Q: 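Starting off with a structure, shown below.
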Amino acid sequence: MSKGACAAALLDRDTLSEIFRACMELLDSPENCDSISTHTTLDTSRAPWVLGQVCHSWRHIVLSSPLLWTSVNILLDRDGSEHNAARRALFLLDLYLSRSASCPLSVSIHSSTGFQRSPFFLRSLISASSRWHTLLINIPISSYETLSVLTGFLDSLKVLHIGVPYQNKSQAIRDFTNLRDGIRLFRFCNNLERLTLNDIPFPRDVIHLPWARIHCLSVHSTLSLVTNSITIRALHGLRNLTSCSLECRFAINCGKLHHLTLPMLRSMTLFSAEHYHDTEAIEDSGLGAAQMLSWLTLPALNQLQLRQKFKIELEHSIVVEVIQLLRRSGCEIRGLQLHLCPSISEAGVMSILKELSPSPERLCLFPGYRAFYNLQS
């Protein structure tokens with residue numbers, strides 16, 4: 001290598017292309033898919049724009065690699081806040097979409113005000129809606145009426161994340177209550193497989209979806225209205241569900257609730273609301289997990305994670321109850337991993353081990369202040 005030469009200059013086109021793709025995959029990693037990103041696709045100081053500004057060779061690779069242009073992240077409140085900036089942003093968005101050619105798109109739309117201040121973005125987004133593969137949408141409830149023109153044109157959508165941007169949760173509840181026919185935008189998404197709902201209080205009533213087609217479901221909420229009984233009712237009809245992540249809130253007034261069998265569910269995560277500083281949820285979290293499982297029969301389950309902060313005095317008894325409930329579903333416990341509070345008694349540990357007879361193939365006990373259970377059957 002000559003003095004001052006760049007090592008990257010020695011890489012061939014295919015290698016550079018793979019490095020660029022890895023760069024984009026890192027920016028769009030699954031760890032960030034449920035959260036509001038702080039960057040926008042229209043920031044030309046970030047990849048993939050900046051990769052094409054290094055040299056002529058890199059620019060040629062970037063412009064001839066449509067897969068680098070398939071992640072579209074729009075922050076409406078920032079990108080369309082001023083007229084002159086909005087015109088430039090619209091030009092960049094059209095250019096970005098054209099460079100993605102016919103590739104499937106991963107689209108994120110975030111706004112606290114909706115499309116009122118930036119309606120021009122809607123035209124460009126709609127023009128590419130048939131290629132939306134993944135959609136993360138975080139807009140006010142009132143804005144879904146504007147998007148109703150997309151109904152029936154989201155045939156390629158397979159992954160959907162829905163959230164609301166409200167800081168005032170009471171306002172969110174009022175807006176949901178005022179919905180007459182619910183959100184019908186996604187009712188013809190017949191290829192939908194993965195669904196995440198954040199702060200949607202009555203998902204089956206609010207959002208019209210092809211529920212029976214969904215394989216993976218994740219429901220998170222800071223709204224105290226979402227109790228176990230509501231979650232169980234939302235699970236009815238999801239006969240193809242294979243994986244789910246649910247938040248547990250103990251339900252006191254359950255009304256008439258039918259026992260539910262999920263014949264294909266293989267993986268389940270139940271967690272408490274402690275990260276939302278919900279004191280009541282923390283207090284009842286252990287009981288909430290047991291209550292949730294008491295309403296379910298899960299014959300195909302092979303992995304259960306309980307991410308809970310149990311009351312210390314109830315910890316071992318709830319673990320025993322969970323094991324009993326799994327056996328009622330016909331599950332044989334083959335592996336158990338427990339992260340236990342240091343103050344749990346020896347008698348408590350022994351009662352758990354006794355319930356596991358005959359002994360599982362894998363058993364791990366860890367001291368710790370946060371209870372975490374991973375059961376494999």
Side-chain angles (χ1 to χ4, degrees), residues 30 33-34 104 106-107 129-137 141 144 147-148 150-164 176 179-221 225-248 251 254-271 292-305 326 329-331 377:
C33 68
D34 290 332
S106 175
V107 178
S129 60
S130 62
R131 295 193 285 129
W132 292 7
H133 174 274
T134 300
L135 174 62
L136 193 160
I137 187 164
I141 300 303
Y144 281 95
L147 289 174
S148 62
L150 290 173
T151 304
F153 293 95
L154 300 177
D155 300 336
S156 300
L157 195 65
K158 291 189 175 183
V159 182
L160 177 61
H161 303 261
I162 302 178
V164 289
F176 281 119
L179 277 176
R180 293 184 178 180
D181 299 323
I183 298 172
R184 310 178 71 85
L185 170 62
F186 307 107
R187 68 183 187 275
F188 298 123
C189 298
N190 292 322
N191 290 308
L192 190 64
E193 297 178 355
R194 302 175 64 91
L195 174 66
T196 298
L197 300 174
N198 293 323
D199 288 338
I200 308 295
F202 306 106
R204 294 295 293 271
D205 299 329
V206 170
I207 304 177
H208 297 269
L209 289 165
W211 291 95
R213 297 182 179 273
I214 294 172
H215 294 174
C216 301
L217 174 68
S218 181
V219 180
H220 311 270
S221 179
L225 291 175
V226 184
T227 61
N228 283 349
S229 58
I230 294 174
T231 301
I232 289 293
R233 289 187 177 95
L235 291 175
H236 278 275
L238 275 68
R239 58 180 179 271
N240 291 317
L241 197 65
T242 60
S243 174
C244 69
S245 176
L246 305 172
E247 189 172 352
C248 296
C254 304
K256 187 177 181 181
L257 197 64
H258 297 288
H259 195 85
L260 176 63
T261 298
L262 297 175
M264 299 181 65
L265 190 71
R266 296 191 296 270
S267 175
M268 172 178 268
T269 299
L270 300 177
F271 56 94
M292 181 78 76
L293 290 170
S294 71
W295 290 329
L296 296 171
T297 298
L298 310 169
L301 191 71
N302 58 34
Q303 183 169 9
L304 172 67
Q305 292 187 359
L326 289 176
S329 291
C331 300
S377 57

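Counting begins at 1 with the first residue of the sequence. Quick caveat, the model's predicted, so the values are computed rather than measured.
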Q: Please determine whether side-chain contact (heavy atoms from CB on, under 4.5 Å) holds for the pair Leu241 and Met264, giving the CA-CA distance in whole Å, both sets of side-chain angles, and the decisive distance to 0.1 Å.
A: CA-CA 6 Å; Leu241 197 65; Met264 299 181 65; over 6 Å; no
Q: So, for Leu301 and Arg266, which heavy atoms are closest and what is the spacing to 0.1 Å?
A: CD1-O, 3.6 Å
Q: Which pair of non-hydrogen atoms, one from Pro263 and one from Pro299, has the smallest distance, and what is that distance?
A: CA-CG, 4.0 Å
Q: Which distance, rounded to the nearest 0.5 Å, do you find between the CG of Leu160 and the CG of Leu192?
A: 5.5 Å
Q: Which atom pair, heavy atoms only, marks the closest approach of Asn240 to Ala212?
A: ND2-O, 2.7 Å
Q: Counting only N and O atoms by type, is there a donor-acceptor contact under 3.5 Å from the side chain of Asn191 to the main-chain atoms of Asp155?
A: yes
Q: Indicate yes or no: at least one non-hydrogen side-chain atom of Met268 is less than 4.5 angstrom from one of Cys244.
A: yes
Q: Distance check, rounded to the nearest 0.5 Å: Asn190 atom CG versus Ser156 atom OG?
A: 11.5 Å
Q: Checking Ser243 side chain against Cys216 main chain: does a donor-acceptor pair fall under 3.5 Å?
A: no
Q: For the residue pair Leu296 and Ile232, establish whether any side-chain heavy-atom pair is separated by less than 4.5 Å.
A: yes
Q: If you apply the rule side-chain contact (heavy atoms from CB on, under 4.5 Å), what do you find for Leu270 with Leu293, and how did you get there?
A: CA-CA 10 Å; Leu270 300 177; Leu293 290 170; 4.0 Å; yes
Q: Would you sort out whether Leu298 and Leu304 count as a side-chain contact (heavy atoms from CB on, under 4.5 Å), showing the intermediate values?
A: CA-CA 11 Å; Leu298 310 169; Leu304 172 67; over 6 Å; no
Q: With rounding to the nearest 0.5 angstrom, report the CD to OG distance, Glu247 to Ser218.
A: 9.5 Å
Q: Can you check side-chain contact (heavy atoms from CB on, under 4.5 Å) on Ser267 and Thr242, steps first, answer last?
A: CA-CA 7 Å; Ser267 175; Thr242 60; over 6 Å; no
Q: If you count the non-hydrogen atoms of other residues, nucleotides and ligands that lie under 6.0 Å from CZ in Arg239, is the total more than 12?
A: no
Q: Do Leu246 and Leu235 touch side chain to side chain, with heavy atoms closer than 4.5 Å?
A: yes
Q: Is any side-chain heavy atom of Arg184 closer than 4.5 Å to one of Thr151?
A: no
Q: Which atoms form the tightest heavy-atom contact between Cys189 and Pro210, and what is the distance?
A: O-CG, 3.0 Å
Q: Taking atom CZ as the centre, does Arg187 end up with more than 12 heavy-atom neighbours from other residues, nucleotides or ligands that are less than 6.0 angstrom away?
A: yes
Q: Is there side-chain contact between His220 and Thr196, with at least one heavy-atom pair below 4.5 Å?
A: yes
Q: Would you check if His133 and Val159 make a side-chain contact, meaning some heavy-atom pair closer than 4.5 Å?
A: yes
Q: Say you draw a straight line from CH2 of Trp295 to CG of Leu260; how long is it, rounded to the nearest 0.5 Å?
A: 11.5 Å
Q: CG/Leu147 to CZ/Phe186 distance, rounded to the nearest 0.5 angstrom?
A: 7.5 Å
Q: First locate atom CG of Leu195, then atom CG of Leu238, and finally report the distance between them rounded to the nearest 0.5 Å.
A: 8.5 Å
